[in-house]
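Below is one structure, written out as structure tokens; comments come after it.
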Amino acid sequence: MGSTSISPDVIERFTAIVGEKYALRSEADLAPHLIENRGLYHGSSPLLLKPGTVEEVSAIMKLATETGTAIVPQTGNTGLVGGQTPREGKADVILSLERMSKIRDVDPVANVLVADGGAILAEVQKAAEAHGRLFPLSLGSEGSCRIGGNLSTNAGGTAVLAYGNMRQLCLGLEVVLPTGEIWDGLRRLKKDNTGYDLRDLFIGAEGTLGIVTGAVLKLFPQPLGHQVAFAGLSSVDDALAFFNLASSLCGTSLTGFELMPRFGVEITVRNIDGVRDPLETPHDWYVLIDISTSDSAETAERMMNAVLEQGFEAGLVQDAAIASSVAQQKALWHMRESMSDAQKPEGGSIKHDVSVPVSKIPHFMNEAAEAVTAAMPGARICAFGHMGDGNIHYNISQPVGADKDAFIARWHEMNHIVHGLVLAHGGSISAEHGIGQLKRDELASIRPAIEMELMRRIKRAFDPAGIMNPDKVVSL
Ligand SMILES: Cc1cc2nc3c(=O)[nH]c(=O)nc-3n(C[C@H](O)[C@H](O)[C@H](O)COP(=O)(O)OP(=O)(O)OC[C@H]3O[C@@H](n4cnc5c(N)ncnc54)[C@H](O)[C@@H]3O)c2cc1C
């Protein structure tokens, strides 16, 4: 589906909506928008539109439906499944909300912030902080990803354990539908049981149902106490037992519990400037523990000491370091967040963003390591992630000296092995990055037929002309 060209007349009509300056057509202007972070997709597009108002977005969508022109929403272009990349060989028009990046309102009493869909995540965090509040969504890409993209991918990140993912952090939405109609659902209510939850349909839809132009986001009090520690352990079983201990002692004050393998720490120290190993001797596994408390700094300190003490006493923790300054806390998080980038200099990397029930993590990790290395001797596994959420980025670096292209050619074979085990443990093949182009066909092959059919019916109801980010998530 979808046209491979677009007539000059239609291009002129789109251009007239936003003005010449904001309708980009040159190869140089379009180039950065046709590729994505992992280099897996390279799309084509004749036109990039940068509307400045909701009304302009509406006019664009109306014209797109009238002319059957496919529209691909793109905000920060940091997505990891090719959802924001136009299709190759088609004439998809890219719609960027870059110019619609304002913080519209902050209400610290109601604990809400209203932002444009193009607001950069880091700017939203800063605006909340300026009012003594916290917007807890935090990702490695927060300097460039934008709220519309965060909502459309239902982004997770490092604080899901305590605050939830984007779905839990959003109260209301403003959406321009593929037909050009505007839905003003910018409600600020925590309680609103009035029929179908339309908001929840758009969150995680990856731009296939409409354009998110505005959102009401939830804020929280800024924590008064914050502690970060890094601990060395000998196994994933111990990491799970330690997580259980930490969450029992801290409850909702446990704001992060990240698992990392020795190989991940080794390559991060080797390949990322300024990162050093926080512990003196190597350990097979590591966890980063993050504790935030709302009453006082002392409570956080007391909690962290108790968690580590009991971890040592139970024989789970072999060594640990507590960050003694904000700079050290940031350095520990930087190490964890650089683990993806650290894999690049190691050659090809086959990625999986999976989740299983937390209690199944050790079984899954052991079985997957055995199956992957049996299929590919020498494969270097970098399985790390948000252990507290059951979410593991199960990445496989190529064997030393292997041919990168030949290794990457085995992407689907490795996916099949890892995802098979994930499904056997009742898990998900996409914990936080979404479906996009990367997992569209796989999703259709694993979900019950009735679920896929319901998704198609929803898609047709919202997008009768089939112009809204076609061939992403679900094919019609
Ligand atoms: C270094 C790095 C670290 C990351 N860490 C995490 C992480 O910890 N957790 C996590 O969940 N993700 C993570 N990601 C993935 C990515 O950053 C998130 O998915 C992010 O939410 C995407 O936002 P974006 O603005 O870049 O969206 P884009 O990449 O521009 O778009 C993503 C999807 O949303 C759609 N879309 C974009 N804007 C709109 C809109 N206004 N209306 C409707 N649809 C829209 C696009 O069509 C596409 O399908 C990471 C990425 C990188 C590069």
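The analysis underlying the following values was restricted to heavy atoms, covering all of them including side chains, and did not include hydrogens, waters or symmetry mates. All values reported here derive from a predicted model rather than from experimental measurement.
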All side-chain hydrogen bond (donor to acceptor under 3.5 Å, both in side chains) counterparts of [X], not counting sequence neighbours:
X      : value
Ser26  : Asp29
Gln227 : none
Ser138 : Glu142
Arg270 : Glu346

Review point. Does anything in residues 35-49 pair up under side chain to side chain donor-acceptor pair (under 3.5 Å), and if so which pairs, sequence neighbours excluded?
Key: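 Listed by first then second residue: nothing to list.
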Check your understanding: Salt bridge check: are Glu413 and Arg410 linked by an N-O gap of less than 4.0 Å?
Key -> yes
Practice item. Using a strict 4.0 Å threshold on nitrogen-to-oxygen distance, state whether Arg262 and Glu266 make a salt bridge. Key: yes
Enumerate donor-acceptor pairs with a distance under 3.5 Å from any side-chain N or O in residues 243-251 to protein atoms, sequence neighbours excluded.
{"residue": "Ser247", "atom": "OG", "partner": "Phe243", "partner atom": "O", "Å": "3.1"}
{"residue": "Ser247", "atom": "OG", "partner": "Asn244", "partner atom": "O", "Å": "3.4"}
{"residue": "Ser248", "atom": "OG", "partner": "Asn244", "partner atom": "O", "Å": "2.7"}

Holding to ring pair (Phe, Tyr, Trp, His ring centres under 6.0 Å), I want the full list of residues that pass it with [X], two or more places apart in sequence or in another chain.
X      : value
Phe230 : Tyr286
His33  : none
His352 : His419
Phe263 : none

Check your understanding: Any salt bridge (charged side-chain N to carboxylate O under 4.0 Å, His left out) pairs touching residues 158-172, not counting sequence neighbours?
Key ->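 Residue pairs with at least one partner in residues 158-172: Arg167-Asp200.
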Listing, residues 446-458 side-chain donor-acceptor contacts under 3.5 Å, not counting sequence neighbours, or none:
{"residue": "Arg447", "atom": "NE", "partner": "Glu451", "partner atom": "OE1", "Å": "3.2"}
{"residue": "Arg447", "atom": "NH1", "partner": "Glu451", "partner atom": "OE1", "Å": "2.6"}
{"residue": "Glu453", "atom": "OE1", "partner": "Arg456", "partner atom": "NH1", "Å": "3.4"}
{"residue": "Glu453", "atom": "OE2", "partner": "Arg457", "partner atom": "NE", "Å": "3.1"}
{"residue": "Arg456", "atom": "NE", "partner": "Ser475", "partner atom": "O", "Å": "3.2"}

